[in-house]
Amino acid sequence: MPHLIRSCEGLITYLFQGIYDIQSSVVILPMNEITITRPDDWHAHFRDNELLKETVSASARQFSRSIVMPNLTPPVVNAKMAKAYEARILAARPEGSDFTPLVTLYLTNVTTTDDIKDAKEQGILAAKLYPAGATTNSSSGVNDIEKMYPVFEVMAKNKMLLLIHGEVTDGEIDIFDREKVFIERYLEDIVKSFPDLKVVLEHITTKDAVDFVKGSSPNVAATLTPQHLMLNRNDLLVGGVKPHYYCLPILKRNTHQKALREAVISGSTKFFLGTDSAPHMKDQKESACGCAGCYSAPAALELYTQVFDELNALDKLEGFTSHHGADFYGLPRNTQKVTLVREAWTIPNELEVVGSRVIVPFWAGNKVTWRLK
């Protein structure tokens, strides 16, 4: 049989449109349904207060767990604040949901080793490094990375993961080069100096990042977003600026997009799902100084599935969405299953979330070819 479907790790169910015989060859038409282990989102922004009802529900619809970013106002800088934030998220879960938020700590240049030890004792798995000024609500972030080395050492000893927004913020560095320069200037030395520290380079956007992660030890991994897999900078800029495609790190040229797409279907356990879903009100995005972030949570799993389908790699979907991240974090894989069906639908143009204010979700008004059953 020269035309066989590739074998798949895990339990994946395929339903075919039909099978027929041509000169003793088996021809298998595209699958219509796929069942995978319930996935997790290893990078999500929920924001706070009145927005939680929308953001938590959107993630809980698809995911079992989410690593929740701490860049609130004020930022979540200690275990007490993190546990209080966790309680607010749990209170916003849909009735009957078993969704689990995994809150994180926001690193600053005044974070102490005791802050890390206390957070670990409270069950907090990871801390986030934002270079000061790199993205939304990062003004309190780190402005001297080398001074953080004692904190990194204690994180390694306590098996707390370091999550990194990997961009420099120097004004003279081109915005399209900031990830590459961060890797060369800082990340290479962090990984070399702390070989036992588990590091996740978040929302990677370049071939440079793919190559760095591939070439590093098993303690280095990366998350990838729907927008960076689906789009490149032409989509953002050609024919007029598209504010709802504006995110940080910014979309890169198509050669980098190709490298990202190849990475997720490679089967490497170093790459896993992290949406970086980040809600902003429509009027804040469509303004003279629009804020960065794509709110992909309402359809994230369907969008990832569409990408893997386009790349003829649905057999690699479950590892990327459901296995690699849990394994890297040292957490048990989920036991529940979710099913997606091949069914075209259109993402709404707007979502009303707070009074009359709205969010424009990522891929708004566009067709998606898969739907969560």
Side-chain angles (χ1 to χ4, degrees), residues 36-73 76 82-104 136-137 203 223 225-227 244 247 273-285 291 293-306 321-322 325-326 331 334-341 343 345-366 368 370-373:
I36 62 173
T37 303
R38 188 177 177 190
D40 301 300
D41 184 354
W42 299 102
H43 184 152
H45 296 268
F46 286 167
R47 307 306 187 206
D48 206 354
N49 302 319
E50 67 273 6
L51 264 180
L52 290 178
K53 183 177 180 181
E54 159 63 30
T55 57
V56 175
S57 295
S59 290
R61 167 182 167 265
Q62 305 159 83
F63 302 114
S64 179
R65 299 168 290 206
S66 288
I67 285 284
V68 184
M69 293 295 104
N71 57 330
L72 306 182
T73 305
V76 179
K83 299 305 286 187
Y85 185 34
E86 177 186 63
R88 296 195 296 275
I89 296 170
L90 290 172
R93 289 187 303 182
E95 185 175 354
S97 172
D98 62 354
F99 172 77
T100 302
L102 303 171
V103 291
T104 57
T136 304
N137 296 341
H203 44 49
T223 57
T225 74
Q227 63 266 25
H244 299 287
C247 57
L273 185 157
T275 63
D276 191 24
S277 179
H280 293 283
M281 296 301 173
K282 180 180 180 180
D283 59 316
Q284 294 173 328
K285 292 286 286 180
C291 43
C294 297
Y295 184 48
S296 60
L301 183 57
E302 288 100 331
L303 292 171
Y304 281 115
T305 304
Q306 180 167 304
T321 62
S322 312
L331 296 175
N334 300 316
T335 57
Q336 296 173 310
K337 304 291 179 181
V338 297
T339 297
L340 296 114
V341 294
E343 178 184 323
W345 61 288
T346 301
I347 294 181
N349 288 316
E350 296 179 347
L351 302 171
E352 186 172 309
V353 289
V354 182
S356 60
R357 299 187 73 191
V358 298
I359 291 174
V360 176
F362 178 66
W363 213 236
N366 291 309
V368 185
W370 289 85
R371 182 188 288 273
L372 187 63
K373 192 173 181 179

- Do V103 and V76 pass the side chain to side chain contact (heavy atoms under 4.5 Å, CB included) test, and can you show the C-alpha distance, the side-chain angles, and the key distance before you say yes or no? CA-CA 9 Å; V103 291; V76 179; over 6 Å; no
- Message: What verdict does the side chain to side chain contact (heavy atoms under 4.5 Å, CB included) test give for V68 and T104, after you've listed the backbone C-alpha separation in whole Å, the side-chain angles of each residue and the deciding distance to 0.1 Å?
- Response: CA-CA 6 Å; V68 184; T104 57; 5.7 Å; no
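- By the 4.5 Å heavy-atom criterion applied to side chains, L102 and L331 are counted as neighbours.
- Counting all heavy atoms, side chain and backbone alike, W345 lies closest to A299 at CH2-CB, 3.8 Å.
- In this structure, the side chains of R93 and L90 come closer than 4.5 Å at one or more pairs of heavy atoms.
- Across all non-hydrogen atoms, the minimal contact from L303 to I347 is CD2-CD1, 4.4 Å.
- Heavy-atom contacts from other residues, nucleotides or ligands closer than 6.0 Å to NZ of K83 number more than 12.
- Residues S66 and F99 meet the side-chain proximity criterion, which asks for heavy atoms closer than 4.5 Å.
- Distance check, rounded to the nearest 0.5 Å: CG of L372 to OG1 of T305 gives 8.5 Å.
- Across R47, H244, K285, H45, a single residue satisfies side-chain hydrogen bond (donor to acceptor under 3.5 Å, both in side chains) together with H280, and that is R47.
- The two residues S59 and A297 come nearest to each other via the heavy atoms OG-CB, 4.1 Å.
- Between the side chain of N137 and the backbone N or O of N71 there is at least one donor-acceptor pair closer than 3.5 Å.
- Looking at Q306, its side chain never comes within 3.5 Å of a backbone N or O of W370 through a donor-acceptor pair.
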- Task: Would you please test K337 and T37 for side chain to side chain contact (heavy atoms under 4.5 Å, CB included) and show each step?
- Result: CA-CA 4 Å; K337 304 291 179 181; T37 303; 3.2 Å; yes
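- Taking 4.5 Å as the limit, every side-chain heavy atom of T225 sits out of range of all side-chain heavy atoms of S296.
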Which atom pairs, donor and acceptor, lie under 3.5 Å between side-chain atoms of residues 356-366 and protein residues at least two apart or in another chain?
residue : atom : partner : partner atom : Å
R357    : NH2  : D283    : OD1          : 3.0
R357    : NH2  : D283    : OD2          : 3.4
W363    : NE1  : K367    : O            : 3.2

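- For Q62 (side chain) and L301 (main-chain N/O), a donor-acceptor pair under 3.5 Å exists by modelled atom type.
- To the nearest 0.5 angstrom, T55 atom OG1 is 11.5 Å from L351 atom CG.
- Here the shortest heavy-atom pairing between R88 and L52 reads O-CD1, 3.7 Å.
- Rounded to the nearest 0.5 angstrom, L72 CG and T136 OG1 are separated by 12.0 Å.
- A pairwise comparison of heavy atoms in D40 and A326 identifies OD2-CB, 4.3 Å as the closest pair.
- Proximity of V353 to E50: side-chain heavy atoms (C-beta onward) are nowhere separated by under 4.5 Å.
- Remark: the backbone N or O of F63 is paired with a side-chain donor or acceptor of R38 at under 3.5 angstrom.
- Taking all atoms of both residues into account, the shortest heavy-atom contact from A92 to S57 is O-OG, 4.3 Å.
- Rounded to the nearest 0.5 angstrom, F46 CZ and I89 CD1 are separated by 6.0 Å.
- Put simply, the side chain of P298 reaches to within 4.5 Å of the side chain of E54, judged on heavy atoms.
- Without hydrogens or angle criteria, T223 side chain to H203 main chain gives a donor-acceptor distance under 3.5 Å.
- One distance of note links OG1 of T100 with CZ of R65; it measures 7.5 Å at 0.5 Å rounding.
- In this structure, OH in Y295 is found 10.0 Å from CE in M281, a value given to the nearest 0.5 Å.
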